Amino acid sequence: MRKTDIPSSRRKFLKTGFIVAGGIVASGILKPFNAVVYASREPKGEGPWYGIGIDIEKCIGCGRCARSCKKENNVPEEPFFFRSWVEQYTIKNDGSVTVESPNGGIDGFKQSVPDDQIFKSFFVPKMCNHCHKSPCVQVCPVGATFDSPDGVVLVDENYCIGCKYCVQACPYGCRYLDPERKVVDKCTLCYHRLKKGLNPACFETCPTKARIYGNLRDKNDPLVEFIRNHTCMVLKPNLNTGSKLFYNALSMEVR
Amino acid sequence: MPQHIKRLIITFAVVIGLFLGFRYLLIPKSFGEYGHYRGEALAENAAKPLHYGGTASCTRCHQDIIDEIHNGHHAGLACEGCHGPSYNHAIYADSARNVALPDSLKLERNTTREYCATCHEKNAARMKILFDTVNKSVIKVIEEKKHNYIPDKETGKILKCIDCHNPHDP
């Protein structure tokens, strides 16, 4: 009998390992992550529950959103601190993809790839996705960042200890450490403006109305209409972050 | 009760008491009001200062320009998109009419060719929206380095966009 060659402890370990691995694979097949489900299944509560829609087909990459965001929220002028920015994706004829964001798009874009090499090119405005199951909120050791009852992910700057765990945890790169105040800062969907009944700065200045925000609890809201009438997608749906930033015409190349 | 058990109970009581005392002192009052965070942070975030006043704040003094825009191709653009944040400008002008604005409150008037080109420069990614006649969102594009890129015969300066086009009604 060759059976006794494998010690029983190793046999047990292998058996458990295979069951766990198989279980993970099977659960992935049984319940795939969904992209738009968070627009239709809002949590219980009253008042608005904010979401965002961005129409990539309408964005002309003028960078007005990034400019106005920096001015409204006193974001440092250095090129690597952004709450909101624009990227240009260019898919070339040879199959390679280039992503550019010179100074976050604030000073506009210069086409760097000649026309005859371009298969497709488009702008993608980026900002906080205000996820319903935010990885950044989950890692905060002191409870200084949170998902507000309005569905806006905020930072409590008087309580933040500046450990930058959330900066690493955000899969969309939407956070930075304020170099002067030494606390983490991020898009608040201009919470101070929303509460006064004003549009967030980037929505206010967008010349082509490529951006829309609204209340996902109200099924007649323009945002819900937008999600219903367009083929919307969220960034990195496989991470199951419950992102509430819905892009129309989002290519899989966008990361 | 034996002496060593008594000592143990007292030590435990002191440690737990200190723990609860420190916990009470260290956790902010409003923590846990809505969730695992300081409830006051919501109001603090909402109280941040405004910089953009919205187009509505321009109408009080500049109605003539707003009418001009609304009849032209730049209808629908926000004033502050090109001119920058105007909240403090409007508040000052409202409280002190007929008084000259301090320089710090004057709004941006960027008249360079590059500034117009941030929207109107030819770019492969801009072509889709150019021919999108359904939504009537057609914008004109030019090549900034070619379009009337002629030095003036007398001064040698390159023509500015606004020498020919009125930015409020191009």
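Worth saying up front: this structure is predicted, and the values here are computed from it rather than measured. Note: hydrogens, waters and symmetry copies are ignored here, and every other heavy atom, side chains too, is used.
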Grab the two heavy atoms, one from [X] and one from [Y], that are nearest each other, plus how far apart they are.
X	Y	answer
A:Glu72	B:Tyr52	OE1-N, 2.8 Å
B:Arg126	A:Ile60	NE-O, 2.5 Å
B:Gly53	A:Leu198	O-CD2, 4.3 Å
A:Arg67	B:Tyr115	NH2-OH, 3.4 Å
A:Arg64	B:Thr118	NH1-OG1, 3.4 Å
B:Ala78	A:Thr205	CB-CA, 4.2 Å

So that I can tick it off, tell me whether B:Lys48 and A:Glu157 are bridged by a salt bridge, with the cut-off set at under 4.0 angstrom between side-chain N and carboxylate O.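 Salt bridge between A:Glu157 and B:Lys48, a charged N being under 4.0 Å from a carboxylate O: yes.
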
Can you tell me how far the SG atom of A:Cys62 sits from the CG atom of B:Asn123, to the nearest 0.5 Å?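 It comes to 12.0 Å.
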
From B:Glu114 atom CD to A:Lys110 atom NZ, the distance as rounded to the nearest 0.5 Å: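 Answer for the CD-NZ pair, B:Glu114 versus A:Lys110, is 6.5 Å.
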
Side chains of [X] and [Y]: closer than 4.5 Å at any heavy-atom pair?
X	Y	value
B:Leu42	A:Pro149	yes
B:Phe31	A:Tyr159	yes
A:Thr145	B:Tyr37	no

Closest-packed option against chain B by number of heavy-atom pairs under 4.5 Å, given [options]:
options	answer
A:Gly61, A:Cys206, A:Ala201	A:Gly61
A:Thr90, A:Ile106, A:Asn158	A:Asn158
A:Thr188, A:Ile118, A:Leu154, A:Val142	A:Leu154
A:Lys195, A:Glu204, A:Lys209	A:Glu204

Enumerate the side chain to side chain donor-acceptor pair (under 3.5 Å) contacts for residues 73-84 of chain B, please, sequence neighbours excluded, ordered by first and then second residue.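 Qualifying pairs, neighbours excluded: B:Glu80-B:Ser86.
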
Let me know if [X] has heavy atoms under 4.5 Å from chain B in its side chain, its backbone, both or neither.
X	value
A:Lys196	side chain
A:Asp107	backbone
A:Gln88	side chain
A:Ser68	both
A:Val137	neither
A:Val152	neither

What do you reckon, is [atom1] of [X] surrounded by more than 12 foreign heavy atoms closer than 6.0 Å?
X	atom1	result
A:Tyr165	OH	no
A:Arg181	CZ	yes
A:Glu180	CD	no
A:Glu46	CD	no
A:Arg228	CZ	yes

Say whether, by atom type as modelled, one donor and one acceptor occur between the side chain of B:Asn45 and the main chain of A:Val155 under 3.5 angstrom. yes

With chain A as the partner, which of B:Glu121, B:Arg38, B:His36 has the greatest number of non-hydrogen pairs under 4.5 Å?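 Most heavy-atom pairs within the cutoff with chain A belong to B:Arg38.
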
